[in-house]
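Here, residue 1 is the first one in the sequence, and each next residue gets the next number.
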Amino acid sequence: MWHLVCGDAAVEGVSFVLGAECARSSLRVLRDDLAVGPLHDIDLPPCCARAEFWRTVWPAEMPPLPKLEESLSEDARWLADLARQSRAVTVWQGDSAAEQLLLARVAAMLLDSDTELWEVVCGTGDSSGGRRRAVAMHEPQALATLYLPRRVAPERQRTLAGQWRQAVQENARICRWHGSAFHGEDFTRIDKQLLAAISPQWHPLGQAMADVMKNCDGFFATDMLLFWRARVLVEQGLIEAQGNAGEGYAGWRARRVNKT
């Protein structure tokens, strides 16, 4: 059986639960944050539009991300091949929109095949900032108590597959998950949250970003996403910032521009 997790942060806990030998042979990490960026070509190698999006997010002053088209295409082909295998698939999922999208993506890939789809539920079902729990947020010992794999019933799999196809068609820039459904939007809401967290006085940008990350319902806003949006706000003249993007956001200070 394959075990799929979303992001490297979940590897330690899941490996503890499965055991080192099983993890080496069956654990697969999908690193793309599916909750952010265009999805319309994510299953169509070489995934050029999605790769270009991540290059836009990444600071130009930093070393470029390596071989994005290659890594995205590898994931797409590997997932498509699951339907031709007899090996069952278990998706570990919590209240992360990216984890839920991964589950929906795999459900769509396996919909017309005989490959069994299983899930390990690690969330609360509530994606609000104070209650949500992603797989990586559990200590390994606590994660072991949640290891209760359950087969995804055909009707649920069809629903999940439909949700994935709808998300791909909608091609929204951000996909939030609440009420067991995905809700697409552009960057307006997250930009407003970030702008509201930046005061008119100079403060470390990281403090504002951390405030947004803590209170961002529906998806996990990453530091790299928020750092990019902060640079966009600078370009729009809505904030002022001091720092070197090539060194990341740690040394940045920012303040909101008061328009008169």
Side-chain angles (χ1 to χ4, degrees), residues 1-37 39 42-45 47 50 70-123 125 127 132-138 140 142-154 156-165 167-168 175 177 180 182 219-220 222:
M1 176 179 286
W2 286 111
H3 291 265
L4 309 187
V5 296
C6 186
D8 290 298
V11 170
E12 180 182 358
V14 175
S15 296
F16 172 85
V17 176
L18 297 178
E21 184 175 349
C22 179
R24 278 193 297 270
S25 62
S26 66
L27 180 58
R28 175 88 180 194
V29 185
L30 285 302
R31 297 179 174 86
D32 191 4
D33 183 357
L34 302 178
V36 179
L39 293 174
I42 193 170
D43 292 322
L44 302 171
C47 314
R50 189 155 182 83
E70 183 176 310
S71 60
L72 291 169
S73 297
E74 180 184 353
D75 283 349
R77 295 189 182 101
W78 189 86
L79 288 167
D81 189 58
L82 287 176
R84 293 185 285 272
Q85 301 182 26
S86 58
R87 193 171 178 178
V89 180
T90 295
V91 177
W92 292 64
Q93 52 96 342
D95 302 318
S96 158
E99 290 171 341
Q100 292 295 325
L101 282 164
L102 175 59
L103 176 64
R105 185 183 187 186
V106 175
M109 292 293 181
L110 301 182
L111 186 60
D112 297 319
S113 76
D114 295 326
T115 302
E116 295 181 0
L117 177 59
W118 294 69
E119 61 183 337
V120 177
V121 180
C122 304
S127 62
R132 61 188 177 185
R133 301 289 287 177
V135 175
M137 295 173 70
H138 295 280
L143 200 58
T145 67
L146 298 172
Y147 185 42
L148 302 168
R150 67 186 189 191
R151 179 83 180 271
V152 176
R156 172 165 158 75
Q157 185 173 348
R158 285 192 293 272
T159 298
L160 289 167
Q163 289 179 327
W164 172 253
R165 290 165 180 163
V168 170
C175 194
W177 180 76
S180 299
F182 301 109
F219 83 110
F220 284 82
T222 64

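Residues Asp75 and Arg28 are in side-chain contact: their nearest non-hydrogen atoms beyond the backbone lie under 4.5 Å apart. Using a 4.5 Å cut-off on side-chain heavy atoms (C-beta onward), Cys6 and Leu30 make no contact. Here the side chains of Cys175 and Leu34 are not in contact, with every heavy-atom distance at 4.5 Å or above. Taking the side chain as every heavy atom from C-beta outward, Gln93 and Val121 approach each other to under 4.5 Å. In this structure the side chain of Val152 never reaches within 4.5 angstrom of the side chain of Leu110, judged on heavy atoms.
Between the side chain of Ser73 and the backbone N or O of Glu70 there is no donor-acceptor pair closer than 3.5 Å. For the pair Gln100 (side chain) and Gly94 (backbone), a donor-acceptor distance under 3.5 Å is present. Side-chain atoms of Thr115 come within 3.5 Å of backbone N or O of Leu82 as a donor-acceptor pair.
Smallest separation of non-hydrogen atoms from Arg50 and Asp33: NH2-O, 2.8 Å. Of all non-hydrogen atoms in Cys22 and Ser26, the two that sit nearest each other are O-OG, 2.6 Å.
The CE atom of Met1 sits 12.5 Å away from atom OG of Ser25, with the distance rounded to the nearest 0.5 Å. One finds the CZ atom of Arg151 at 8.0 Å from the CD atom of Gln157 (value rounded to the nearest 0.5 Å). Note that OG of Ser86 and CD of Glu116 are 10.5 Å apart. Values are rounded to the nearest 0.5 Å.
Under the rule for a ring pair (Phe, Tyr, Trp, His ring centres under 6.0 Å), the partners of Tyr147 that lie at least two apart in sequence or sit in another chain are Trp92. Checked against side-chain contact (heavy atoms from CB on, under 4.5 Å), Ser15 has the following partners two or more places apart in sequence or in another chain: Val11, Ala23, Leu27. Legend: residues meeting salt bridge (Lys or Arg N to Asp or Glu O under 4.0 Å) with Arg165, ordered by chain and number and at least two apart, are absent. Residues that satisfy the side-chain contact (heavy atoms from CB on, under 4.5 Å) test with Asp112, not counting sequence neighbours, are absent from this structure. The side-chain contact (heavy atoms from CB on, under 4.5 Å) check on Arg24 picks up Ala20, Glu21, with sequence neighbours excluded. Contacts of Trp78 classified as ring pair (Phe, Tyr, Trp, His ring centres under 6.0 Å), with partners at least two apart in sequence or in another chain: Trp2. With sequence neighbours left out, Ser96 forms a side-chain contact (heavy atoms from CB on, under 4.5 Å) with Ala98, Glu99, Ala134, Phe220. Remark: Asp95 pairs with Thr124 by the side chain to side chain donor-acceptor pair (under 3.5 Å) rule, at least two apart or across chains. Partners of Arg77 according to the salt bridge (Lys or Arg N to Asp or Glu O under 4.0 Å) rule, which considers only residues two or more places apart in sequence or in another chain, do not exist here.
Within the structure, the salt bridge (Lys or Arg N to Asp or Glu O under 4.0 Å) test picks out the following pairs touching residues 82-93 (sequence neighbours left out): Asp81-Arg84. Pairs of residues two or more places apart, or lying in two chains, that qualify as salt bridge (Lys or Arg N to Asp or Glu O under 4.0 Å) and include a residue from residues 5-20 are Asp8-Arg31.
Of the candidates Leu39, Leu111, Thr159, Trp164 forms a side-chain contact (heavy atoms from CB on, under 4.5 Å) with just one, namely Leu39.
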When the side chains of residues 102-109 are checked against the rest of the protein, which donor-acceptor pairs come out under 3.5 Å, sequence neighbours left out?
from: Arg105; atom 1: NE; to: Asp43; atom 2: OD1; distance (Å): 2.9
from: Arg105; atom 1: NH2; to: Ile42; atom 2: O; distance (Å): 3.3
from: Arg105; atom 1: NH2; to: Asp43; atom 2: OD1; distance (Å): 2.8

